[in-house]
Protein chains: 2
Amino acid sequence: MKCCVIRYAVFMSTTQRTDADVIDDWRERQRTYLATAANLDRALEQNFDLGLSEFEILDLVWESNTPECTMRDIVDLTPMTQSALSRVVDRLARAGLLTREECTTDRRSMFVALTSEGASVHTKARKVYREVLASELSPTA
Amino acid sequence: MKCCVIRYAVFMSTTQRTDADVIDDWRERQRTYLATAANLDRALEQNFDLGLSEFEILDLVWESNTPECTMRDIVDLTPMTQSALSRVVDRLARAGLLTREECTTDRRSMFVALTSEGASVHTKARKVYREVLASELSPTA
DNA sequence: TTGCATTACATGACACAGCATGTATCTTTG
DNA sequence: CAAAGATACATGCTGTGTCATGTAATGCAA
């Protein structure tokens with residue numbers, strides 16, 4: 001494992017950072033976050049008709065790697081709101097990419113699972129997602 | 001100027017970073033960005049009835065430090081869309097925090113300026129903004 | 001000067017997120 | 001067991017963002 005590259009920047013120690021430093025830091029983060037998110041969204045939208053948050057949910061369901069993945073499980077893994085998740089899953093289900101079915105042991109819960117089409121789309125989309133991220137977040141960028 | 005603190009983490013060199021590294025990096029950025037944005041928004045909303053993007057515009061107008069700051073000038077400084085800016089300025093104007101007046105030399109343009117109340121609110125809000133950022137983005141957090 | 005492209009800003013239509021709340025189902029407590 | 005509270009999810013309402021377009025003013029070419 002080759003040695004290390006220090007990413008971003010090296011900052012002055014905490015007590016020495018001025019307000020301007022903190023604000024510049026924040027603005028820079030904001031700029032890069034929003035730009036990257038927009039690029040991801042565009043790439044996914046154009047190629048797979050998926051929004052970024054839609055893909056993210058698809059990805060989390062895929063990662064769960066179980067047919068017994070509930071909404072609750074997912075919502076714990078994403079910064080998304082429970083209600084936002086509910087609607088995203090709704091869209092994905094309507095698009096035929098995943099299924100919602102009642103959990104038998106707890107009938108309040110819903111199991112969420114990829115359909116075969118969902119899995120197929122996810123595989124291709126994840127490739128694009130990785131590529132965009134690699135080019136956006138690479139230290140040389 | 002005291003010596004340095006390396007923020008975030010030290011990553012493996014580029015060519016060695018796996019997809020999982022890149023994705024984890026992204027998710028971490030996303031998480032912290034969204035959390036910080038939410039905290040800023042909440043603090044500004046509760047104390048000054050200002051959304052984050054509203055404050056950001058107020059701040060940019062203040063920073064321009066000229067009575068001849070146009071919408072165009074501002075839009076070049078923010079990741080916001082021109083149409084989003086238009087609406088934000090609209091809200092701020094309705095709230096009495098800034099004024100829009102026609103530019104005499106180019107009547108397509110609008111000069112945007114803080115009202116005295118806008119300046120006063122900005123001063124207080126910027127303090128809170130800085131405080132939240134300092135606690136959110138400090139290396140110890 | 002006239003005609004066309006460009007620029008600055010506003011706005012209508014729509015998509016999506018959040019909050020508050022509703023409904024159904026557990027769970028706990030007395 | 002009954003009643004009260006907690007939990008899982010859905011949904012109405014609203015605010016804010018984007019895209020596409022509209023309107024007015026300006027610049028530029030012939």
Side-chain angles (χ1 to χ4, degrees), chain A residues 30 33-35 37-42 44-46 49-57 60-61 64 68-95 98-113, chain B residues 30 33-35 37-46 49-58 60-61 64 68-95 98-113:
Chain A
Q30 185 178 47
Y33 171 76
L34 293 174
N39 283 336
L40 285 171
D41 197 78
R42 189 150 24 79
L44 293 167
E45 197 75 63
Q46 287 179 354
D49 206 28
L50 279 181
L52 175 54
S53 49
E54 269 138 275
F55 171 77
E56 284 172 347
I57 296 312
L60 288 176
V61 173
S64 82
E68 309 221 326
C69 174
T70 68
M71 300 280 282
R72 181 90 189 108
D73 295 332
I74 300 294
V75 86
D76 286 336
L77 295 172
T78 170
M80 208 172 295
T81 301
Q82 177 266 318
S83 88
L85 175 65
S86 181
R87 295 177 211 269
V88 169
V89 167
D90 210 52
R91 277 175 256 150
L92 289 170
R94 257 186 284 113
L98 54 77
T99 57
R100 263 184 302 198
E101 51 185 299
E102 275 190 3
C103 161
T104 47
T105 66
D106 182 343
R107 288 167 55 208
R108 294 168 302 179
S109 297
M110 300 289 284
F111 286 148
V112 174
Chain B
Q30 184 177 49
Y33 171 75
L34 293 174
N39 283 335
L40 286 171
D41 198 77
R42 189 152 23 79
L44 294 167
E45 196 75 62
Q46 287 179 353
D49 206 27
L50 279 181
L52 175 54
S53 49
E54 268 139 56
F55 171 77
E56 285 172 347
I57 296 312
L58 220 51
L60 289 176
V61 172
S64 81
E68 309 221 326
C69 175
T70 68
M71 300 280 282
R72 181 87 189 113
D73 295 331
I74 301 293
V75 86
D76 287 336
L77 296 172
T78 169
M80 208 172 295
T81 301
Q82 176 266 319
S83 88
L85 175 64
S86 184
R87 293 179 209 271
V88 170
V89 167
D90 210 52
R91 276 174 257 149
L92 289 170
R94 255 185 286 113
L98 54 77
T99 57
R100 264 183 302 198
E101 52 185 300
E102 277 191 1
C103 161
T104 47
T105 65
D106 181 343
R107 289 167 54 208
R108 294 168 302 179
S109 297
M110 299 290 285
F111 286 148
V112 174

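Numbers restart at 1 for each chain; the letters A, B, ... are given by sequence-line order, proteins then strands. These numbers come from a predicted model, not from an experiment.
- Atom CG of Asp90(B) and atom P of dG12(C) are 11 Å apart (whole Å).
- When the C1' atom of dA10(C) is taken as reference, atom CZ of Arg107(B) falls 17 Å away, rounded to whole Å.
- Using a 4.5 Å heavy-atom threshold, the side chains of Asp49(A) and Glu54(A) count as separate.
- The shortest non-hydrogen separation linking Thr70(A) to Ser109(A) is CG2-CB, 4.2 Å.
- Checked by distance alone, Ser83(B) brings a side-chain donor or acceptor within 3.5 Å of a matching partner on the base of dC19(D).
- Contacts of Arg42(B) with the nucleic acid, taken as non-hydrogen atoms under 4.0 Å apart, are absent.
- Listed by chain and residue number, nothing satisfies the salt bridge (Lys or Arg N to Asp or Glu O under 4.0 Å) test with Glu56(B) (two or more places apart in sequence, or in another chain).
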N/O to N/O distances under 3.5 Å, protein versus nucleotides 14-17 of chain D:
residue	atom	partner	partner atom	Å
dG17(D)	OP1	Ser53(B)	OG	2.7
dG17(D)	OP2	Arg91(B)	NH2	2.6

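- Judged by atom type and distance alone, Gln82(A) reaches the base of dA10(D) through a side-chain donor-acceptor pair under 3.5 Å.
- Whole-Å rounding puts the Asp49(A) CG to dC16(C) P distance at 10 Å.
- The distance between atom CG of Leu34(B) and atom P of dA17(C), rounded to the nearest whole Å, is 11 Å.
- Rounded to the nearest 0.5 angstrom, Thr99(B) OG1 and Leu92(B) CG are separated by 11.0 Å.
- Taking all atoms of both residues into account, the shortest heavy-atom contact from Glu68(B) to Asp73(B) is O-OD2, 3.8 Å.
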Sub-3.5 Å pairs of nitrogen or oxygen atoms, protein against nucleotides 4-8 of chain C:
residue	atom	partner	partner atom	Å
dT7(C)	O2	Arg108(B)	NH1	2.8
dA8(C)	OP1	Arg72(B)	NE	3.3
dA8(C)	OP2	Arg72(B)	NE	3.0

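- The two atoms that bring Leu34(B) and Pro79(A) nearest to each other are CD1-CG, 3.7 Å, heavy atoms only.
- Remark: Leu60(B) CG to Asp76(B) CG distance equals 11.0 Å, nearest 0.5 Å.
- Look at CZ on Arg100(B): it is 9 Å from C1' on dA10(C), rounded to the nearest Å.
- In this structure, Glu102(B) and Met110(B) have side chains that are in contact, with non-hydrogen atoms separated by less than 4.5 Å.
- Taking CZ of Arg91(A) as the start and CG of Leu50(A) as the end, the distance is 10.5 Å to the nearest 0.5 Å.
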